[in-house]
Amino acid sequence: MTNPVRDEATARGVTVAYRARFDECGPDGNVRTSALLRYAQDLAWIHSERLGFGRDWYASRNLAWVVRAMELAILAPIPLGTTIALSTAVTGFRKVWARRRTEGRDESGRLVAWGHTDWVMTDTVRGLPGRVPAEFPAAFHVPPGGFEPARVPLAQTPDDAIRLASRVRPQDIDPMGHVNNAAYVDYLEEALLASGPEGGSVTTTTPRRIRLEYLVAAASGAELAGEAWATPPEPFEGGEAPTHGWAWRLRDAEGRELSRARVDAGA
């Protein structure tokens, strides 16, 4: 097992190039929202591993990070074959929480996407949140504090909301045995597409922002019920005057709320 290193430049962040592959793009020829989230996950692991905090380090301490909220803005289309320089840095720690900021730039240096991910440190034996290890703030050159964990408050689902039944697929389960957080974005976009042309259009419009809160983990093979409806848009960084807003809620067969999100799109 490697020991954590104290390289100042790596501690402050890393940048890795990702090429938008054929299987990661949609019918419009641009990279899918969930593919960008998967890049961000991979990059977070690269950053952690370069500082000596790999999967073995976490497993030996019965610790794991679990995503509780994410915000992702796609400011411009990212076509098939485009290489983007994706950078990530930890921007805050507090008790059991950590936040990462991730940015993507195209070959010209233009900012095409940014995101925030809020993680909770989890004790894998007890299945409960555990404090961020004391060495992390110094290792990542980030003082404790500095952010409020994201929430996505939604009104009650209206009677005329679009409802879409689905199921957790085997390919949605990641190496931790959980539904990967990027899979929830696929569930969200499937419900928007089922709503018709207006809702479907926000899955590809740029700029667009997705805010998603993870409440309860969906079980492998679980039946899911998605609910989507139009809502007034809210401005965001890089998309100050969106023209469309949509809300989404995901439940399981028992009616438990698993996740909720909103999408704001258009300029």
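None of the values given here were measured: they were computed from a predicted structure.
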Run the side-chain contact (heavy atoms from CB on, under 4.5 Å) test on I78 and D106 for me, step by step, so that the C-alpha distance in whole Å, both residues' side-chain angles and the decisive distance to 0.1 Å come before the verdict.
CA-CA 8 Å; I78 303 172; D106 64 15; over 6 Å; no
Show your working on side-chain contact (heavy atoms from CB on, under 4.5 Å) between Y187 and S259 and close with a plain yes or no.
CA-CA 10 Å; Y187 304 152; S259 183; over 6 Å; no
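The aromatic rings of W114 and H116 sit tilted relative to each other, their planes meeting at an angle between 30° and 60°. The aromatic rings of F136 and F53 sit tilted relative to each other, their planes meeting at an angle between 30° and 60°.
Between E237 and R101 there is a salt bridge, since at least one side-chain N of the basic residue sits less than 4.0 Å from a carboxylate O of the acidic one.
Atom CD of E234 is surrounded by more than 12 heavy atoms from other residues, nucleotides or ligands within 6.0 Å. Within a 6.0 Å sphere centred on CZ of R131, other residues, nucleotides and ligands contribute 12 heavy atoms or fewer. Annotation for E107: atom CD counts as buried by contact number, over 12 foreign heavy atoms lying within 6.0 Å.
A donor-acceptor contact shorter than 3.5 Å links the side chain of D118 to the backbone of A150. Looking at R167, its side chain does come within 3.5 Å of a backbone N or O of G221 through a donor-acceptor pair.
Here the options are R211, R209, H244, the test is side-chain hydrogen bond (donor to acceptor under 3.5 Å, both in side chains), and the partner is D264; only R209 passes.
The side-chain hydrogen bond (donor to acceptor under 3.5 Å, both in side chains) search around T33 returns E189, R208, not counting sequence neighbours. For D174, the side-chain hydrogen bond (donor to acceptor under 3.5 Å, both in side chains) partners at least two apart in sequence or on another chain are N180.
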